[in-house]
Structures are given as structure tokens and as C-alpha cells.
Amino acid sequence: MPPPDRPAGQGGGAGTSGAALLDALEQLRTRLDQAVLPLQAPGADDARALRRQALDQLDDYLLPRLRASAAPVLAVLGGSTGAGKSTLVNSLLGARVSAAGVLRPTTRWPVLVHHPLDGRWFSTDRVLPGLARLTARVADPDPAAGGPAGTAQPAGEPGTQAPLPDAQPAVGAAGRRGAGLTLVASEAVPQGLALLDAPDVDSVVEENRTLARQLLAAADLWLFVTTAARYADAVPWELLHDAAARRTALAIVLDRVDPGEEDAVRTHLRAMLDEQGLPGTPVLLVPEEQPVDGLLPAWAVAPVAEWLTALAADPQARAGVVGRTRDGLVADLATRAGRVADAVDAQRDADARLRATVAHAYDQAADDVARATSDGRLLRGEVLARWQDVVGTGELMRSVEEHVGRWRDRLTAYVRGRRADDPALAEAIGRSLDAVVVDAAERAAEHADAAWRADPAAAGLLDGLALSRASTGIRARVADEVRAWQDDVLALVRDEGAGRRTQARALSFGVNGLGAALMLVVFASTGGLTGAEVGIAGGTALLAQRLLEAVFGDDAVRRLTATAHDLLRTRVRSVLDTEAARFTSQLDALGAATATGEPLRAATARVVAAPAPTGPGRTGPAPTGPAPAGATPAAGGLRGVGAVPPPDRAGGRAADGADGATAPPHRRGWWQRLTGRDGTRA
């Protein structure tokens, strides 16, 4: 963030044309566009809105303005429903170019009025690039009326009414969405100034409210129109508070002021502006008058007309308005970008948290399988019955310590005489293992799903997915891995017996039997059995261990047991990792795991350090192309300049000064309040 003694966008070096700031802002825009905010982490909605607002600030105002600093000042008229914005614009031009009334179908195609010589600045996507363009013009002035008159007409089609809301062409992608700008060229607008009639900020149509805020954000100057009856409403003050925070150049037009109420209303509004951090904001009063043919009397709009005309005629004032708004938006942009960077880091933290909950659930499942396959639980039921079928444990269990040799001889003779019922034992072991692993996977899925649903960051990630149960193919995958592990165990036995001539014959007949014995030893390797279990399952494991020790020796059995257990753990982990990936793949697709706000912070710091433009020169090429045919340089003149009110309404012609008294709008102190500058700098 910029230090308190230096505005954002102004480094300590000498003033420049703004190329460094433009380059820094372009890089910042790239970083903002790359910011990843897919998870519903705390504050994510606010961060997304900030990011969108920051991109809009860059696209709709800062970048276009820095690329073309010589462009006219764009004054956007915003306000509440029924405030009289369109009537005011029409009255200033002396022509009905913007449809007025409570039901305004043109709100999706707001009207931007400019001098004919300034049309090149607005006919391209230099400003508000997301909106299509419809070009129109104002009919020739009616000399008898003392100013411009007529209606907006499409350029090149004299005598044809310009398409208003009920017949607006869809131009380009933006036009297909139903929004665009109607460009109206009028010699009534002073060169160097453009007026844009924005939709109502409190429109009942959400798209209109959004468009109104977008247009206000693209303005060099807010001309905020409200009425004497509604200037204290909450919605306008929310936007005015934003203007104060951004240091946007601002003026208030107070419409429909009853005769005799001017001073009281002005004083109260001035107090409210002071309280909201907007001291010195110009307040222009428009008295309550009935329009004639849709236009207010010229004298009624004279304060606004003279105020805008004076602004257009003063290059330093225009530069001051642009500079104040630009610098305020740069400072506001730095704040927004910093908060977005923090939100990006929060996304990474949320991603890590969600992954950790999944990892914990499936790690717990792996631990459960490891315990179940090492504490003797599997040496019961069908497995125990099948083992007894193989070795006849009734007699052997009565001489566990005394007749190890006899056990070995009996098993060897048994194996030599006929092959053991190995398939039944192996299948029993496989089925028991299958059940243990599948149950663990089911519990892990349930726990992971519940943890994600309890975490706001995972909102939306589980929509349409059935992740609370193990996958439909879990049983087949577990069966494949268990059978593969049994093959691993047989391979261990076979490899361990290779080269041992004393046991060569036994192994040639009993690899499957010895492999089954090793599996049983693995299943009781922790010695977790107690009580009566020792006499049943424990004795079974001890018998299998003694058999293996007689064939391979103590050390080899310990090593084979550990290796077999590790192989089982690896295969079980593979199954569980595949199940966990159903969750984590949702995160992988979002890319939040590697997100970091540091590049955005670095780009913001570069913007803060860049010197702001301090000279009148522009930072980009001037628009190319010829001026409109037949046009000659002209200052233009808004309707109402110099108009005098009737004697009984003299109090209504007022432009508020700092002290509340009527003041000519061209005075140096007035410009200082408007632009925040002393009037001696461009």
C-alpha cells in the first residue's frame, strides 16, 4: 500500500507522460486476470466482486484514459429513478436525444452526447469496450428557438428517428447481450466535453443497476442528479460514499427545488456532504419547473450549463478533473488488488485444508486396514475353518510346544500325499481381506464427504456427485489388488526357497501352503489377541509361524512377514488413493493449490511506485482519421448559458460555492474545490 504521504501511482521521481504507470497498470491487469478464486472460502464472494470491479476500473477507465489523455472529459449523469437525468440532458442540448419518463426502455442503450469533432474518441472501443455502438446525430438547430432543436437521427439517414429502445440493433457480442451506447453528435456540447445519461442506480432491473455503476466507474466526472425530495435516500449516498473513497471528481445537481427552499435545501445537503467526506463538492440547483415539449426552460438549467461550459473551456480544470479521478482510482485499485491478493492466498489455504480432510479420512482408512490385517481379526471364521481343513489343528493344538517336528512332518507328508485345499483357503483369505478394505473405503468416503459439506470452501464442489459412498468399481479393484498381493506372497516364498536343496522337495509341493501360512502370520504380526482368542486364532498363527520357521528359519520368517505386510499396505494404499482422488480431482481442476498472491502484490507495488502523469501531453497516439464532413472547430454552447430567470425566480439560478453563496463557476477557488488542485498546474 502507498505510504500516507504519497498518493498511489506517484513515485518520487520527476513527472512523466504516464508511460511507466500505464505499463505497470497493464501488468497489474494481467495479474488480476490470472488471480484464481474458485473456492467458496470465507470472503471469496467479496474478493471476486473486488477483482471484477478492479478489472472494470482498468478496462473502462484507467487504461483508456492513460492511453489517450487528450480525450474529452466524460461527465456521466447518474442518479435515482425519476431524478430527471434525461430531461436535464435534453434541456441542456435543446433536443430530445434521451427518452425521459418513469418507464425508460432506453436504459440498456444509454446516450452519450459529444461534439462532432470529438466523435473519434468514442466511436471505437477506447472507452467502455464491452458495449456496442450506435451512431446518431442531432438535427440542425432551429434558429427561431435560440438553440439546438430536433431529435436524434441515425448518421447518414436524415429525417429518420434514431432507434430508441423498441428498435435497437444488436451490434457485436455486447449488442447481443442487449447493451450498448447510442452516440449522438451535437454542436451544443462544448468540444473537450461529453455527456452520458446513465441508467438509474436504483432501477428495478438488476442489469440496469449494474450498467449504471459500470458507466459511473468509467467517468472522469460524476454529475450526480437527485431531487430535493430524495437527496437523502440511501442508494445515492452509497455511491457518493464510493466516490469519496476513490476521490472521484464529483458535482451534485439538485433537481426540482421548490421556490423559496433553495437556501434550506442547499445548507442541509452541504452538511450531509461534509459528513460523508465530500466537503466543497459543487451543488447546482435546478428549480421545479414543468417541461415544455420535454425541455425545461433555458434559465432553469443555466447553472448546470454554465458550470459544464466553464469546465470545457478551461484546459487546466479539465486536466485537474482527469488527474484527480485518475489518481483516486489508482489508489483505490491498489487497495482492491491487495485484498484480492490476500483472497488468493486464502484460496490456497482452503485448498490445502480440503485436501487435508480427505487425506486424514483415507489415512485413517489405511490405518484401519493395517490394524485389521495384523491384530488377528482375520484369523477367525471362514479363514480359520479353511486352515483347519489343511493341517488338522485338533491334534496339533494339544502339543504346540512339544511336537514342532511332528507338525512339520505331518504337514510335509500331507502336502506330499495330496495337494492341500489351497484354493479354498486362498479364497477365504481374499474374501476377508476384500471385506476389510471395502468397509474402510466406505467409511473414508463418508467421513470425507461430511467434512467437505461442513466446510464452506467446498460449497458447489459436491453438487451432482455421489462421493459419500465408495466408487461403484471399488469391489472389483480391491479384489484385483488382494489377488495380486497373494501372488506377491507366493513369489516371496518361492524366491526365499530357491537354492535350498534341503527344502527343495517340500517347496516344490507346498508353495501355496507355505504362502497361506505366511499370510496367516502376517495377519497376527502385532500379537494383539487376548483371552480366549489366543487359544483359537493365536494358536493358528503360532502354528503357521512354527511351520515357516522350520522351513526358512527365524530371521527369514521375520523378514518375509514384514515384507508381505509392506506389500499389502502398498496395494491397499493404491486403492484408497484412487478413491481419494475422486475428491482431490475436483480441486486439481481448479488450480487453487498453487495459487499465490505474491505476483499480484508485486504488480501492485509497481503501480504504487510509478510516477503519475504531470504534463498535458498524452501517453498514446492521437485518434486517426478525418474530422466529420463539413465540421469546423467550435467551442459549442449548451442551452441555458447566459439565460436569465424571470424576476420572481431569481433565487433558483444558483451554483453553490464553498460558503453557500452564489458564485461564478469560473473562479479559481471554485476550480480548486472541484479538481483538488490550486489552478496553477495542468
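Sequence positions, counted from 1, serve as the residue numbers for this chain.
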**Residue pair Trp109, Leu131: steps toward the side-chain contact (heavy atoms from CB on, under 4.5 Å) verdict** = CA-CA 9 Å; Trp109 279 74; Leu131 299 180; over 6 Å; no
**Request:** Take Arg29 and Asp59 through the salt bridge (Lys or Arg N to Asp or Glu O under 4.0 Å) test and state the conclusion after the steps.
**Result:** CA-CA 9 Å; Arg29 196 213 178 282; Asp59 292 341; 2.6 Å; yes
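A salt bridge does not link Arg318 with Asp314: none of the charged nitrogens is closer than 4.0 Å to a carboxylate oxygen. Salt bridge annotation for Asp351-Arg348: absent, with no cationic side-chain nitrogen under 4.0 angstrom from a carboxylate oxygen.
Applying the ring pair (Phe, Tyr, Trp, His ring centres under 6.0 Å) criterion to Tyr231, with sequence neighbours excluded, gives His268. In this structure Asp202 satisfies the salt bridge (charged side-chain N to carboxylate O under 4.0 Å, His left out) test together with Arg230, sequence neighbours excluded. Gln276 meets the side-chain hydrogen bond (donor to acceptor under 3.5 Å, both in side chains) test with no other residue; sequence neighbours excluded. Applying the side chain to side chain contact (heavy atoms under 4.5 Å, CB included) criterion to Ala194, with sequence neighbours excluded, gives Leu74, Leu112, His114, Phe122. With sequence neighbours excluded, the residues that form a salt bridge (charged side-chain N to carboxylate O under 4.0 Å, His left out) with Arg606 are Asp23. Partners of Arg31 by salt bridge (charged side-chain N to carboxylate O under 4.0 Å, His left out), not counting sequence neighbours: none found. For Asp349, there are no side chain to side chain contact (heavy atoms under 4.5 Å, CB included) partners, not counting sequence neighbours. Partners of Arg339 under the salt bridge (charged side-chain N to carboxylate O under 4.0 Å, His left out) rule, at least two apart in sequence or in another chain, do not exist in this structure. Scored by the side chain to side chain contact (heavy atoms under 4.5 Å, CB included) test, Arg209 finds Ser203, Glu206, Arg213 as partners (sequence neighbours excluded). For Ala346, there are no side chain to side chain contact (heavy atoms under 4.5 Å, CB included) partners two or more places apart in sequence or in a different chain. Taking Asp342 as the reference, Arg601 meet the side-chain hydrogen bond (donor to acceptor under 3.5 Å, both in side chains) condition, with sequence neighbours excluded.
Val205 places none of its side-chain heavy atoms less than 4.5 Å from the side chain of Asp200. A heavy-atom distance below 4.5 Å is found between the side chains of Thr182 and Val184. Side chains of Leu296 and Asn90 form no contact here, defined as non-hydrogen atoms less than 4.5 Å apart. Within the 4.5 Å cutoff, the side chain of Val321 has no heavy atoms near those of the Thr248 side chain.
Note: Ser91 OG to Leu638 CG = 11.5 Å, rounded to the nearest 0.5 Å. Considering CG of Leu193 and NE2 of His115, their distance stands at 11.0 Å, rounded to 0.5 Å. Separation of atoms CD (Gln316) and CG (Leu311) is listed at 12.5 Å; rounding is to 0.5 Å. How far CG of Leu273 is from CG of Leu250: 7.5 Å, rounded to the nearest 0.5 Å. To the nearest 0.5 angstrom, Ser186 atom OG is 9.0 Å from Leu195 atom CG. One distance of note links CD of Glu238 with CG of Asp233; it measures 12.5 Å at 0.5 Å rounding.
Test Leu269, Leu284, Thr227 against Leu254 for side chain to side chain contact (heavy atoms under 4.5 Å, CB included) and you get one pass: Leu269.
If you check the side chains of Asp56 and Gln214, you find no donor sitting under 3.5 Å from an acceptor. For the residue pair Ser86/Asp197, the side-chain donor-acceptor check at 3.5 Å is satisfied. When only modelled atom types and interatomic distance are considered, Tyr61 and Asp220 share a side-chain donor-acceptor pair under 3.5 Å.
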Determine all donor-acceptor pairs shorter than 3.5 Å in which one atom belongs to a side chain in residues 36-49; sequence neighbours excluded.
| unit_1 | atom_1 | unit_2 | atom_2 | d |
| --- | --- | --- | --- | --- |
| Gln40 | OE1 | Arg48 | NH1 | 3.1 |
| Gln40 | OE1 | Arg48 | NH2 | 3.4 |
| Gln40 | NE2 | Asp45 | OD1 | 2.9 |
| Gln40 | NE2 | Asp45 | OD2 | 3.0 |
| Asp45 | OD1 | Arg48 | NH1 | 2.8 |
| Arg48 | NE | Leu37 | O | 2.8 |
| Arg48 | NH2 | Leu37 | O | 3.1 |
| Arg48 | NH2 | Leu39 | O | 2.8 |

